[in-house]
Novice: 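Have a look at the structure that comes next, please.
Note on naming: letters A, B, ... go to the chains in the order of the sequence lines (proteins, then strands), and numbering restarts at 1 for each one. Side chains included, hydrogens not; waters and symmetry mates left out as well; all remaining heavy atoms used. Here the structure is a predicted model, which is why all the values come from computation and not from measurement.
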Amino acid sequence: MSAVPFALLDEQSKREIRRAILKGIAIPGYQVPFASRELPIARGWGTGGLQVTLALIGKNDVLKVIDQGSDDSVNAVNIKKLVTKTTGVQTTTRTQDATLVQSRHRIPEVPLRADQVLVLQVPEPEPLRDIERSEFKTKRYHAEKEYSGAYLMLFEQIMRYNQTSQGADYPVLVNGRYVMNPSPIPRFDNPKIHQSDALILFGAGREKKIYAVPPYTNVESLAFEDYPFVVEQFEGKVCRETGLSDVFLDELTDEVTGETYYVCNDTSYMQEILQQKVAAK
Amino acid sequence: MAYVAVRGGAEAIEASLEHLQYERVKRGAHISVHTLQSTMRGFLDQVMSESSLYSERLASLAMKQSEGNAEEAVFLLRAHRSTLPRMYYSTVTNAREMFVLRRISASFKDIPGGQILGASHDYLHRLLDFDLLEETVADVELKKAAFEQINKPEESNLALEQLPKVMDYLRDEGLIRKFSLNNQEPKDVTKQALTFPTNRSQRLQTLTRGQTGTITSLGYAGLRGYGASHPNVGEVRVGWQPIYVALEDDDMDPYYIGAIKLTEVESFIPVDVDDDGQQVLEFDVGYGACFGQNETKAIAMSIVDHALEVGGDSPIHDEEFVLLHVDMIESTGFISHLKMPHYVTFQAKLEQMRSIKKEGNQ
């Protein structure tokens, strides 16, 4: 019956999303409310990131979509399929070849360049939500730069466990002004946001917020002088396939021997290293 | 092997989708969209209301495609809505102009214009009608003809347009708390995200497109003890509501674009009012309105509307609690996202738990 527009959404909607993105870039780390559209993919399944991607994508873009480090995971496949079906753009798994990378819960191991844009999917944009459930109040805290609650939360964790217990989605201070959830990337990826060459955009579809970290912005993970920020430690563990140790690892169990082994979580990076090894032989 | 864990997702998804397609056709039966549109009024009304898209035809298609799954049907219609440019707003429509199909008041025995029962399940014994198991098209034609022979609209002496409102009677007597007219331009919640505190137009929009079961439960909670007090249903009316669109730079009268079926409810809720130092009782009005014939939802909505309007301590008075959790697309989406892989976040947590354990053992 009706033909679906390029990149699915009607033009006014896309323009409105781009306006929110521009505002986000102008105020790094500030959550810009936007009237999130319903998509053919469920809320909570990356619709914030997807709306950012759909609003930005042009015919010459090359898209890469990753979910939890994998290009082939259900969510990544589904999102890629929807975007290509409605735009006809090319996709890639090689981080270096993409102009637009949409990701859930990981920043690729290959460093991003200034001519690339990273879009992260955000389930919970509000870093203060665990401390204060009211949106009305958290908005005010941000306006007043009242972040003692965010530090107090980490302080309580340290009192209890002698270290922080915040796993992924470890809060950061952007440009010395706004405390921001970096989306549930592991702490391992937090340093990659600091002074990034690439523009990083964050989309929260269900919570209807868009925010941004422009290139070359200071991004600091919250910490204390005597309790510095630490990333996940994979001490003594290496990727079974590539031998890499400076990457985020997945923990797997060998079905035959029952022993635990590790592989590189970023699957496209792992493949590339493996191909290089084969070529070298 | 390692590769099993990282590749093969795309193929598995394709296979799953094929299975889903097969489920719909595997019994070899077929039903036309036209048949659904002609027989599934209640389902379609609910789905159109929750999806904010008034089209019986598209709702029937969504029903067929989703195998009668309301959650999926609403999802399909909402997503379709996102592909459509929104060109116009209708002019203000007033339920006084409704062509009434049903209209009752629980507050007065006799109301000007009369109690009009119309078609309702309210007076039905909910017993399975086993005759319908074998009903044929010929039976349907027979039942249709039998009814139409007795009930001829042109012979009716009922005035169904411009029926007065039950509320007018109480208002004339000064029993309804007075408010000045609120002619504030509504804020479109589908074009501008909610910010708190909200205004009434944002609340009513969010409630009317809320999930029927959720709105009903919240209304019930308000009625049972987590809300202000017991409302009286002043008037429930169901009927065809005319919709007009006015064009900018056009001197013509607004254009009539059709009528939608609407349920409208006004509930009377007694409140204490300070009248020049003297405590008196007056009525507040809770308002509910939704696409189609969804009377339970509209009544529940009127309770929640009032609860949010007056404020209070329990959850149904808390606008963030109510308005951020009644939308079907948002609640089902976030619940279902838990089925997605979370192994990176889980690994991050795992590493930390082990580290905390190790530290504790030292």
Side-chain angles (χ1 to χ4, degrees), chain A residues 2 4-5 8-13 16 33-40 42-45 47 67-70 72-78 105-106 123 133-136 139 161-163 165 167-169 184-188 206 208 232-234 240-241 248-252 263 265 267 270, chain B residues 1-10 12-13 16 51 75-86 188-197 318-321 324 327 329-338 340-353 355-356 359-360:
Chain A
S2 61
V4 172
L8 189 84
L9 298 170
D10 71 283
E11 288 306 318
Q12 293 105 308
S13 298
E16 185 212 300
F34 81 113
S36 181
R37 299 289 190 259
E38 292 92 341
L39 296 180
R43 287 268 206 254
W45 292 64
T47 56
D67 175 15
Q68 306 261 317
S70 166
D72 209 28
S73 170
V74 281
N75 195 39
V77 169
N78 237 350
H105 301 188
R106 268 320 302 278
R133 66 176 180 221
S134 160
E135 168 76 12
F136 178 73
K139 215 170 152 53
Y161 309 119
N162 199 30
Q163 58 177 280
S165 60
D169 215 354
I185 53 173
R187 282 161 291 143
F188 186 87
R206 191 179 42 80
K208 306 185 176 70
E232 290 81 359
Q233 307 293 319
F234 295 98
R240 185 166 88 170
E241 305 297 324
F248 194 82
L249 297 171
D250 283 341
E251 182 175 326
L252 300 164
V263 292
N265 166 262
T267 53
M270 177 163 85
Chain B
M1 282 304 292
Y3 266 50
V4 179
V6 295
R7 295 222 62 89
I13 290 171
S16 169
S51 52
F75 197 164
L76 287 167
L77 293 169
R78 284 275 190 97
H80 178 65
R81 215 175 164 275
S82 294
T83 66
L84 306 171
R86 294 179 222 169
D188 185 341
V189 296
T190 67
K191 286 191 173 173
Q192 240 181 314
L194 285 183
T195 47
F196 298 96
D318 178 341
E319 61 172 359
E320 291 197 30
F321 179 83
L324 293 177
D327 189 79
I329 296 299
E330 277 154 26
S331 61
T332 59
F334 206 45
I335 296 282
S336 74
H337 113 285
L338 296 173
M340 275 203 290
H342 279 79
Y343 46 81
V344 168
T345 36
F346 193 70
Q347 187 71 42
K349 196 80 207 166
L350 209 56
E351 186 267 346
Q352 215 150 27
M353 284 172 84
S355 159
I356 288 169
E359 183 136 348

Novice: What part of A/R37 lies closer than 4.5 angstrom to a heavy atom of chain B: side chain, backbone, both or neither?
Specialist: both
Novice: For A/E232, is it the side chain, the backbone, both, or neither that has a heavy atom closer than 4.5 Å to a heavy atom of chain B?
Specialist: both
Novice: Which atoms of A/P184 come close to chain B, meaning under 4.5 Å heavy atom to heavy atom: side chain ones, backbone ones, both, or neither?
Specialist: both
Novice: Just wondering, do A/E11 and B/P85 contact through their side chains at under 4.5 Å, heavy atoms?
Specialist: no
Novice: Heavy atoms only: give me the nearest B/F334-A/P123 pair and the separation to one decimal.
Specialist: CE1-CB, 4.1 Å
Novice: Taking the side chain as everything from C-beta on, heavy atoms only, tell me whether B/L84 gets closer than 4.5 Å to A/D10.
Specialist: no
Novice: Only pairs of heavy atoms separated by less than 4.5 Å count here; which of B/H337, B/M340, B/R81 has the most with chain A?
Specialist: B/M340
Novice: Show the numbers, then the answer: is there a salt bridge (Lys or Arg N to Asp or Glu O under 4.0 Å) between B/E330 and A/R43?
Specialist: CA-CA 6 Å; B/E330 277 154 26; A/R43 287 268 206 254; 3.7 Å; yes
Novice: Run the side-chain contact (heavy atoms from CB on, under 4.5 Å) test against B/F346 and tell me which residues pass, sequence neighbours left out.
Specialist: B/L350
Novice: Using side-chain heavy atoms (C-beta onward) and a distance below 4.5 Å, is A/H105 in contact with B/H342?
Specialist: yes
Novice: Assess whether atom CZ of A/R133 is packed by more than 12 heavy atoms of other residues, nucleotides or ligands within 6.0 Å.
Specialist: no
Novice: Using the test side-chain contact (heavy atoms from CB on, under 4.5 Å), find all partners of A/S134 that sit at least two apart in sequence or belong to another chain.
Specialist: A/E132, A/F136, A/K137, B/E320
Novice: So, for B/F75 and A/L39, which heavy atoms are closest and what is the spacing to 0.1 Å?
Specialist: CE2-O, 3.0 Å
Novice: Below 4.5 Å from any heavy atom of chain B, which atoms of A/L249 appear? Answer side chain, backbone, both or neither.
Specialist: backbone
Novice: Taking B/S82 for its side chain and A/E38 for its backbone only, find out whether a donor-acceptor pair lies under 3.5 Å.
Specialist: yes
Novice: Is B/T190 in contact with chain A via its backbone, its side chain, both, or neither, using a 4.5 Å heavy-atom distance?
Specialist: backbone
Novice: More than 12 non-hydrogen atoms from neighbouring residues, nucleotides or ligands closer than 6.0 Å to CZ on A/F234, yes or no?
Specialist: yes
Novice: Can you tell me which portion of A/E16 sits under 4.5 Å from chain B's heavy atoms? Options are side chain, backbone, both or neither.
Specialist: side chain
Novice: Highest number of heavy-atom pairs under 4.5 Å with chain B: which of A/S13, A/P33, A/P40?
Specialist: A/P40
Novice: Side chain from CB out, backbone as N, CA, C, O: work out which of these in A/R187 comes under 4.5 Å of a heavy atom of chain B, or both, or neither.
Specialist: side chain
Novice: I'd like to check A/V74 versus B/P341 (side-chain heavy atoms, cut-off strictly below 4.5 Å). Are they in contact?
Specialist: yes
Novice: Is there a side-chain contact between B/Q352 and A/Q163 in this structure, where contact means two heavy atoms from C-beta onward sitting under 4.5 Å apart?
Specialist: yes
Novice: For a quick test of reading the model, state the closest non-hydrogen atom pair linking B/K191 to A/A35 and the distance between them.
Specialist: C-CB, 3.0 Å
Novice: On a heavy-atom basis, which atom in B/G333 and which in A/W45 lie closest, and how many Å separate them?
Specialist: O-NE1, 3.5 Å
Novice: Determine whether the side chains of A/Q233 and B/S355 contain a donor N or O and an acceptor N or O closer than 3.5 Å.
Specialist: no
Novice: Work out which heavy atom in B/A348 is nearest to a heavy atom in A/F248; give both atom names and the distance.
Specialist: N-CZ, 4.4 Å
Novice: Look at B/M353, B/K349, B/Q347 and state which one has the largest set of heavy-atom pairs under 4.5 Å with chain A.
Specialist: B/Q347
Novice: For A/D67, is it the side chain, the backbone, both or neither that has a heavy atom under 4.5 Å from a heavy atom of chain B?
Specialist: both
Novice: State, to 0.1 Å, how close B/V344 and A/Q68 come at their nearest heavy-atom pair, and which atoms those are.
Specialist: N-OE1, 2.6 Å
Novice: Starting at CD1 of B/I13, measure out to CG of A/N78 and round the result to the nearest 0.5 Å.
Specialist: 5.5 Å
